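What follows is a single structure, written as structure tokens, with notes after it.
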Protein chains: 2
Amino acid sequence: MLFFTQCFGAVLDLIHLRFQHYKAKRVFSAAGQLVCVVNPTHSLKYAPTRCAAAQTSVEQGVPPPCHHHEAVHDPQLVPCTCPLYSCPWEGHLEVVVSHLRQTHCINILQGAEIVFLATDMHLPAPTDWIIMHSCLGHQFLLVLRKQEKYEGHPQFFATMMLIGTPTQADNFTYRLELNRNQRRLKWEATPRSVLECVDSVISDGDCLVLNTSLAQLFSDNGSLAIGIAITTSKVHNAEAEM
Amino acid sequence: MLFFTQCFGAVLDLIHLRFQHYKAKRVFSAAGQLVCVVNPTHSLKYAPTRCAAAQTSVEQGVPPPCHHHEAVHDPQLVPCTCPLYSCPWEGHLEVVVSHLRQTHCINILQGAEIVFLATDMHLPAPTDWIIMHSCLGHQFLLVLRKQEKYEGHPQFFATMMLIGTPTQADNFTYRLELNRNQRRLKWEATPRSVLECVDSVISDGDCLVLNTSLAQLFSDNGSLAIGIAITTSKVHNAEAEM
């Protein structure tokens, strides 16, 4: 009996997911665009590191334990850049992606343009929605955060960070786009490097910022679809020419 | 001596204006785009009606006194739609534009695409920057408002209203664009009718909303350049086809 109940639950979940995919596709109306459903995670930055992060509803693996490194004092080592956990890991920039994938279970998606569908926008702050995006030979970290900068007034902050150096980041432009109900909001900027902390980008407000009321206008049934596109930066060249 | 001092002041003002025009043009890099410098006005909604509104630095005329109408109870009469003052005027929709121009000294600009350059963004809330925009055979009211929705945290709200009926407003799409320092923010929506109150549009947050930090990122020397474009709405048709 329990088995049948669970099966029925799984089927319902799949139908719900399918419906969300369909809705997000309809909103962006771009055939071939990958829609990724991203579930929220309560930010546990100062809690012990464990895997509860940014899983899609489909994949849920058991993570390996966090790798603790001895203090080596190698200047090429970078700390863990996961925005969710205070993790003692450090390693070379080249292995940050595999650390985020394996230890923090952050999914990675391929494609020049994807739709990030954040579910359960009503959950209380602080909450994060996180995914990695592989594009143009690099990996990017997309962070959507619900946070109360002013007590009692949660806001949504969305930004994209390059898993690379600031010099590499300067070569790209990312675009976040919300589109619903005859309203459209676009944010374009140069991604920051993950070597700069995502917390400071958000506290500086140098990202897409949404009040709760705007977030509700763009949400559909508690889910917010964000169209994401990354291009190699032409702004620099255009500005240099002017 | 006083005359020479005043002349010198006027020349300095003109040089400053010229420089602001040049900067705004450079930001938007669109040859032929009209740049309009808009000075702020403290919102005096519940103070007596007088002319202090939305004057450009160049033109400053002495306004005629407010026209008081007897209560006629004509259902076709609409109240004064000036966002700045609580004005007892009422009249037909066709004469709202001339009322706003003559009584509230709100300037009107022609052109499909204009740049609205709001000065003195640092002034304390509540402050409004207002202009009328004549385009595609209709007149629109552009309102930028600095307001403390949450005490101690001023935000900027920008919206465009059609001086016409809600049905007429549905035929248009307006776009507000900020572009500076390798960042770009675009808001596109259907304008509301001035028959709906601008205060309620702003309190609903159904407009372009900027935190102080984002407004500073897009400002140049205390002035914020907003690119404005109005088009006949194709969103409806596109959505209907989908």
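A note on names: the letters A, B, ... follow the listed sequences, proteins ahead of strands, and every chain is numbered from 1. The shown structure was predicted, so the numbers you read here are calculated from the model rather than taken from an experiment.
- Across all non-hydrogen atoms, the minimal contact from B:Ser213 to A:Gly205 is OG-CA, 3.8 Å.
- Rounding to the nearest 0.5 Å gives a distance of 6.5 Å between CD of A:Glu188 and NZ of B:Lys186.
- For A:Phe218, the part lying near chain B is the side chain, with the backbone staying farther off; criterion is any non-hydrogen pair under 4.5 Å.
- Heavy atoms of B:Leu185 lying under 4.5 Å from chain A belong to its backbone as well as its side chain.
- Classified by interplanar angle (parallel below 30°, tilted 30° to 60°, perpendicular above 60°), the ring pair B:His153/A:Tyr150 is parallel.
- Contacts of B:Leu208 with chain A are made by side-chain atoms alone, with heavy-atom separations under 4.5 Å and no backbone atom involved.
- For the pair A:Gln155 and B:Asn211, the minimum side-chain heavy-atom distance is below 4.5 Å.
- Proximity to chain B (any heavy atom under 4.5 Å) is shown, for A:Leu210, by neither the backbone nor the side chain.
- The CG atom of B:Asp206 sits 12.0 Å away from atom CD of A:Gln216, with the distance rounded to the nearest 0.5 Å.
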